[in-house]
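Every chain is numbered from 1 and lettered A, B, ... according to where its sequence line falls, protein lines coming before strand lines.
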2 protein chains.
Amino acid sequence: MDTQLSIQQLAASTGLSPHTLRYYERIGLIQNVARDAGGRRRYTAADLDWLRFLMRLRQTGMSITEMLRYAGLRREGSSTQAERCAMMEAQLAHVRQEIARLQALAGFLADKVDGYHDALRISMNAANTEIKHAESRRNPLPERPRKTRRS
Amino acid sequence: MDTQLSIQQLAASTGLSPHTLRYYERIGLIQNVARDAGGRRRYTAADLDWLRFLMRLRQTGMSITEMLRYAGLRREGSSTQAERCAMMEAQLAHVRQEIARLQALAGFLADKVDGYHDALRISMNAANTEIKHAESRRNPLPERPRKTRRS
DNA sequence: CTCGAAGTTTGAGTGCACTCGAAGTCAAGC
DNA sequence: GCTTGACTTCGAGTGCACTCAAACTTCGAG
C-alpha cells in the first residue's frame with residue numbers, strides 16, 4: 001500500500017504549513033512531487049521522511065542554500081557520499097561550537113541573575129529594616145559572597 | 001580622565017559597525033549619547049559597557065524588542081530590578097533549553113555521520129576488493145555495529 | 001582657502017525564510 | 001447546475017536586524 005498524502009496531511013505530519021511545503025518545492029528542496037488527476041500534490045512516505053530530515057537540518061541552523069546543496073548532491077547519487085558526509089560533519093562541528101558558545105552565555109546570564117538576587121535581597125532587607133524601625137540594627141545579614149558561576 | 005570615544009573607536013571596541021551604532025541609537029537602545037561642538041557622537045566608557053552587555057544579550061538570542069524593554073526598565077531605575085531580574089532568568093532558561101535542543105540535534109548529526117562513515121567504509125572495501133580481484137574473498141571485514149550515539 | 005576624510009540625518013534597500021493574496025481550477029454535495 | 005471549499009500558480013508582502021545611499025556639515029592637513 002503506497003499511502004499517498006495530501007498537502008494538508010503532510011502539513012499535519014510535519015508541522016510545516018502548506019504554504020511552506022509549496023515554497024520548498026518551488027525552490028527545489030523537494031522535487032518530483034506526484035500529482036493526482038486534478039493536479040493536486042500527492043506526497044509519498046519517502047517525501048515525508050525527507051521533509052523530516054530537512055526539518056532537523058534546519059533546526060541545526062543550516063541555511064536553505066546549504067540544504068539545497070545537500071539535496072543536489074543526494075540526487076547525484078552515491079558518488080557524492082563523501083561530500084555529503086563532510087557537510088554533516090561540518091554541521092555537527094557547527095552545532096557543537098554553538099553549544100559551547102551558549103554555555104558560556106548561560107554562565108554570563110547566571111552571574112547576572114545572581115547579581116540581581118543579591119541586590120534584591122539587600123533592598124528587601126533595607127525595606128524590612130525600615131518597617132521594623134531599625135529594630136534589628138545589630139546582626140545585619142552578611143552580603144552573600146558572589147558565586148562566580150561557570151556552568 | 002573621562003575618555004570619550006568616537007563612533008569609529010566604539011565600533012572598533014565592540015565589533016559593531018558605525019551604521020549599527022547609529023541604528024541602535026535611533027531605535028533607542030542607547031540614549032543620551034553626547035555630541036561634540038561639531039555634532040559628532042562622543043561615547044563614554046559607560047556607553048561601551050552597556051553596548052557590550054547588549055551584545056551579549058543579543059548573542060543569547062534576545063530580540064531587539066526585548067532589549068528595548070530591558071533598556072526602558074533600566075532607565076526607570078531600581079524599582080524595576082525584580083522585573084529585569086525576571087527577564088534575565090527567562091533568558092537563561094531560554095538559553096538552557098536551546099542548549100538541550102542542540103545537544104539532541106548533535107546526537108542526530110553524529111548518527112548521520114556514523115551512517116556515512118559505515119557506508120563509505122563498505123564502498124571503499126568494495127572498491128578495494130575489485131582492485132585486488134576478489135583476492136580477499138574469505139575474511140570480509142565485519143560490518144561495524146551501528147553506535148547509536150546520544151551525546 | 002581648499003580638499004578630502006569622516007561625521008551627520010533621513011529614508012530606502014538587503015537578505016533570509018517564510019507567508020500571503022489574487023485569480024483561477026477541480027471534485028463533491030445539494 | 002450551482003455552490004463551497006480545498007487546491008493550483010505566481011508574484012508580492014512581511015518581519016527582523018541590519019546596511020547603505022544621498023545630501024549635507026565639519027575638521028584638520030597642505
Have a look at [X] and say if it touches a base, only the backbone sugar-phosphate, or nothing, with a 4.0 Å heavy-atom cut-off.
X       : result
A/Arg22 : base
A/Ser17 : nothing
B/Arg26 : base

Which whole-number value in Å describes the distance from [X] [atom1] to [N] [atom2]?
X       : N      : atom1 : atom2 : value
B/Arg42 : D/dC27 : CZ    : P     : 11 Å
A/Glu66 : C/dA17 : CD    : P     : 10 Å
B/Leu5  : C/dG7  : CG    : C1'   : 16 Å
A/Ile27 : D/dT9  : CD1   : P     : 15 Å
A/Leu10 : D/dA6  : CG    : P     : 17 Å
A/Gln9  : D/dC7  : CD    : P     : 9 Å
B/Ile7  : D/dC20 : CD1   : P     : 14 Å
B/Leu21 : C/dT9  : CG    : C1'   : 16 Å

Choosing from [options], which nucleotide comes nearest the side chain of [X]?
X       : options                : result
B/Arg35 : C/dT9, D/dT9, C/dT19   : C/dT9
A/Thr20 : D/dC7, C/dC18, D/dT19  : C/dC18
B/Tyr23 : C/dA17, C/dT8, D/dT19  : D/dT19
A/Tyr24 : C/dC26, C/dC18, D/dT19 : C/dC18

Atom CD1 of B/Ile99 and atom CZ of A/Arg101: how far apart are they, to the nearest 0.5 Å?
10.0 Å
Separation between CD (A/Glu98) and CD (A/Gln103), nearest 0.5 Å, reads 11.0 Å
Answer yes or no: does a side-chain N or O of [X] lie under 4.0 Å from OP1 or OP2 of [N]?
X       : N      : result
A/Arg58 : C/dA17 : yes
A/Gln8  : D/dC7  : yes
A/Arg41 : D/dT9  : yes

Among pairs that include at least one residue of residues 58-67 of chain A, which meet side chain to side chain donor-acceptor pair (under 3.5 Å), considering only residues two or more places apart or in two chains?
A/Thr60-A/Gln91
Quick check on the hydrophobic clustering: are B/Ile27 and B/Leu21 connected, directly or via other members, by side-chain heavy-atom contacts under 4.5 Å?
yes
Nearest heavy atom decides the nucleotide; on that basis, is B/Pro18 or A/Gly61 closer to the 5' end of DNA chain C?
B/Pro18
Side-chain contact, heavy-atom cut-off 4.5 Å: A/Arg41 with A/Glu25?
yes
Pairing partner of D/dA29, by Watson-Crick or G-U wobble and under 3.5 Å for both distances, is C/dT2
Closer to the 5' end of DNA chain D via nearest nucleotide, is it A/Arg40 or B/Ala37?
A/Arg40
With nearest nucleotide decided by heavy atoms, which residue, B/Gly39 or B/His19, maps closer to the 5′ end of DNA chain D?
B/His19
Measure the acute angle between the ring planes of B/Phe53 and B/Tyr70, then classify it against the limits of 30° and 60° as parallel, tilted or perpendicular.
tilted
